[in-house]
Protein chains: 2
Amino acid sequence: MSEPDRAATKEKFLQFLDQKNLRITSQRRAIVDTVFSTDQHFTAEQLLEWAREKDSSVSRATVYRTLPLLTESGLVHEMDFGKDYKIYDPNYADHPNHNHIICNDCDKIVEFESERLDALESEISGKLGFEVESQQLRINASCEEMKRVGACKNKGE
Amino acid sequence: MSEPDRAATKEKFLQFLDQKNLRITSQRRAIVDTVFSTDQHFTAEQLLEWAREKDSSVSRATVYRTLPLLTESGLVHEMDFGKDYKIYDPNYADHPNHNHIICNDCDKIVEFESERLDALESEISGKLGFEVESQQLRINASCEEMKRVGACKNKGE
DNA sequence: ATCAATGCAAATAATTTGCAAAAAG
DNA sequence: CTTTTTGCAAATTATTTGCATTGAT
């Protein structure tokens, strides 16, 4: 997602707040600016840290109260990768069906999209009597580097 | 998974314990008997409750200590459906690549397998430089019944 | 006997919430 | 002014862990 795209997505979220008659406080602005200034995945804790760089008055509670608004708007997705915290992904506005490959060794996450995959999912679901609303595909994999060298550089966060 | 299949899977797990020189205690037996007596998904808390019906001395701690053994053996999978607890699925022994469709309204979970899907995932991953180790596809959907009647019978657990 | 496994209760850690004070509209 | 939002600190809740004891081999 390019920079102007992110700005447009942020705008959509501000409109979403407006439609719900929710106020745009300085803390919310800092959080939203943070979220839509990157296409990196983040945790609640990371978002708190980054938002505080813009506005040190942002509290953990406000971050946790804003995250459900972000996910409800559909512009940010919540993901559970089996860790004890959730990961948030701000890249769904332009790529609503993207999937993730996670390297088992270095935890690097690669995103990809596939129309063939989407079509196949719809076809299978339809045969079972369902209509796809959303989907999440996670592939755990080993990467070439791991196969060659035995481990990824990034290992050990 | 049929009853004899489940019995065979249980046997595999007991062998897994043996290979690791882990002891087969009465509590572990109750837990394992429970897990492989059904193909229902379950939570840690449900497993505790069911296992206690067989052996009331089973403690929550032992359930939580046994679950990692079950997942490590590959015979049970841990799944995160975005709830605040994990769900365990004992149906992977015979169907290691199965996927889930979750009805948005009644939370009913349908499992399915597809070789075409597996092949497509491998193909895409390979092009990106990864080798698939495992995959989890979750499809959130609305079911026919919901579309027709407006809601599923099961709604509200 | 030996060492793994247990139950208990306390600890952990992410997330949620009650409440009085502050700020948006 | 009125109502929402905030920060704080306490509460919640699934899961984990230390430890003395029990039980499998």
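Naming: A, B, ... by sequence-line order, numbering from 1 per chain.
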Of residues 61-80 of chain A, the positions that come close to DNA chain D - non-hydrogen atoms, cut-off under 4.0 Å: Ala61(A), Thr62(A), Arg65(A)
Residues in side-chain contact (heavy atoms from CB on, under 4.5 Å) contact with [X], at least two apart in sequence or another chain:
X: Ser2(A); answer: Pro4(A), Asp5(A)
X: Asn140(B); answer: Ser134(A), Gln136(A), Ile102(B), Asn104(B), Arg138(B)
X: Arg65(B); answer: Ala61(B)
X: Ser37(B); answer: none

Whole-Å distance between [N] [atom2] and [X] [atom1]?
X: Ile87(A); N: dA14(C); atom1: CD1; atom2: P; result: 13 Å
X: Lys83(B); N: dT15(C); atom1: NZ; atom2: P; result: 16 Å
X: Leu17(B); N: dA4(C); atom1: CG; atom2: C1'; result: 12 Å
X: Lys86(A); N: dA14(D); atom1: NZ; atom2: C1'; result: 12 Å
X: Tyr85(B); N: dT15(C); atom1: OH; atom2: P; result: 16 Å
X: Asp84(B); N: dA13(C); atom1: CG; atom2: C1'; result: 13 Å
X: Arg60(A); N: dT17(C); atom1: CZ; atom2: C1'; result: 15 Å
X: Leu47(A); N: dA14(C); atom1: CG; atom2: P; result: 15 Å

Of all pairs that satisfy ring pair (Phe, Tyr, Trp, His ring centres under 6.0 Å), the ones with a partner from residues 59-84 of chain A, not counting sequence neighbours: His77(A)-Tyr92(A), Phe81(A)-His100(A)
Pairs involving residues 116-139 of chain A, ordered by first then second residue, that meet ring pair (Phe, Tyr, Trp, His ring centres under 6.0 Å) (sequence neighbours left out): none
Ser73(B) (side chain) donor-acceptor with Leu70(B) (main chain) under 3.5 angstrom: yes
Glu121(A) side-chain N/O to Asp118(A) backbone N/O, donor-acceptor pair under 3.5 Å: no
Show me the protein contacts with nucleotides 20-22 of chain C, counting only N or O atoms at under 3.5 Å.
none

Selection: residues 19-45 of chain A, any non-hydrogen atom under 4.0 Å of DNA chain C: Arg23(A), Ile24(A), Ala44(A)
Pairs meeting criterion salt bridge (Lys or Arg N to Asp or Glu O under 4.0 Å) with involvement of residues 43-64 of chain A, two or more places apart: Glu45(A)-Arg60(A)
All pairs passing salt bridge (Lys or Arg N to Asp or Glu O under 4.0 Å) where residues 16-26 of chain A contributes a residue, at least two apart: Lys20(A)-Glu72(A)
Test ring-ring contact (aromatic ring centres under 6.0 Å, His included) applied to Phe16(B) - qualifying residues, sequence neighbours left out: Phe13(B)
